[in-house]
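Only one structure is covered here, and it is reproduced in the block below.
Per chain, numbering begins at 1; letters A, B, ... match sequence-line order.
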Amino acid sequence: MIEVQNISKSFGDKQVLFDVSGNFEKGKCNLIIGMSGTGKSVLLKCMVALLPTDTGNVLYDNRDFTHGDKQLQTDVRREIGMLFQGGALFDSKSVEQNVMFPLEILTKMTPEEKLDRVNFCLERVGLENVNNKMPSEISGGMKKRVGIARAMVNNPNYLFCDEPNSGLDPQTSIRIDNLIKEITDEYKITTVVVTHDMNSVLEIGDHIIYIYEGRKLWEGDNKHIMDSGVKELDDFVFANRMMRMVKDKSL
Amino acid sequence: MGYDSLFIVLIVSVFLGAVTTLQTAYNLISPLIPDPVISLVVRDMTILELSPTIIAIVYAGKVGSNIAGELGTMRITEQIDALEVMGINAISYLVLPKIIASVLMFPLLVILSAFFAIYSGYLTAVVSGVISGTDYLTGIQMDFNEFGVSFAMIKAVVYGYIVASISAYKGFFTSGGALEVGQSSTNAVTSSCIGILAADFSLAYLLAPFLTPS
């Protein structure tokens, strides 16, 4: 489990996060949702210490990641897999080398073991026979799936996904969502997904935190998000016509 | 890094040697100055200044902008974040090899540059007839101070370090988008050139006295 305790963050004079707290449970898809520019990605980056927090701390299974020593931070980071918004694949490495990279750096596996693991992960995300392709030769959806394969190759305990559906068509989005959900269930890992995609919210939102202007405004799950009673969340959820139609029908 | 710069370094060196020979020859036409002095001047200028410093500026333009552009792109596309999340020290992994490679490779480029510049000076002298080949060869062996080569190598190591470290710094701490990556590359070249010239002056001030015969 990941516990976020009273995180505040500002950039110069502009405060982006105000005292945000929340628990992200093991074996669940935990979603951080909200409008663009509301501080979701900043919260995620604070959680993995890519950005320093002004106040507050983050505990990974009771280990104080924020204030722990360098060794503890390195140990925790080696249990983290992360999917970035654009995939963040290394341009100079092939798909196979990208996925193998964490194993090369962090493990003492033999070349055969590494290749087996890489092929297993690529197969798991539905990508076969692309081992030798370069990131520039594959589509956005494939990049995301390679990113997921790289994130899971080292058997992480915690999986972070920063807007996994951005820039993808609806079918590919659902495929990515399902993949994240399956991996979470299968390996019983703690997954944290930042998104503003309502399909993802409804499909995989086991636990949802709604951030509005840097503050946590609501916490719950996808079964209760439609009747939260929070105006700002309703405006977010029912922003598109289809969701309004669903709401009108249910009424 | 070094291999890819070979072509531009050789082209620049050949023209440096040729132009220096012609200019020196036309400026030293005097019955009081023996012809071999022309190639002596070419040799010392090439080894002490032109090959290390001018080639370092060319190197900053090619390799420095490349390093800053590469690291800047890695930064804005979150590739550096990906390394850090994996628990890898991105500076050690990305920057250190570039500095080591630059410090090792740039002196080799300077050696090649000096060789090609002096050799092209010889060809220019012979073809244009400003001095004879024999006089040129006599001049480049005249009053040779071995410390000049050591001086050039010291400069090359320092310049290699300056170009790689400044460019890596500019690229690594890029923030924003494609526009800022371009700006980082430009800044890397500008700052490297200033660094090279400042180091050139400092090294000349510190080490030039050792060139004077005691």
A:Arg175 (side chain) donor-acceptor with A:Arg145 (main chain) under 3.5 angstrom: no
Pairwise distance CG(B:Asn187) to CD(B:Glu180) - rounded to 0.5 angstrom: 11.0 Å
Between B:Asn89, B:Thr77, B:Val85, the one whose heavy-atom pairs under 4.5 Å with chain A are most numerous: B:Val85
B:Phe173 and B:Tyr169 aromatic ring geometry - parallel, tilted or perpendicular at 30°/60° bounds: tilted
Point-to-point distance, once rounded to the nearest 0.5 Å, from CD of A:Glu104 to NZ of A:Lys93: 7.5 Å
Check ion pair A:Glu186-A:Arg124 (N to O, under 4.0 angstrom): yes
Polar side-chain atom of A:Ser10 near backbone of A:Gln15 as donor-acceptor pair, under 3.5 Å: no
Contact residues of residues 84-92 of chain A (partner chain B; heavy-atom separation under 4.5 angstrom): A:Phe84, A:Gln85, A:Gly86, A:Ala88, A:Leu89, A:Phe90, A:Asp91
Salt-bridge criterion met for B:Lys155 and B:Glu49 (N-O under 4.0 Å): yes
Interface residues of residues 35-73 of chain A facing chain B - non-hydrogen atoms under 4.5 Å apart: A:Lys45, A:Val48, A:Leu50
Side-chain donor or acceptor of A:Asn131 paired with backbone N/O of A:Glu96 under 3.5 Å: no
A:Arg117 side chain vs A:Val153 backbone, donor-acceptor pair below 3.5 Å: yes
Test item: A:Phe101 and B:Leu83 side chains (from C-beta on) under 4.5 Å apart, heavy atoms: yes
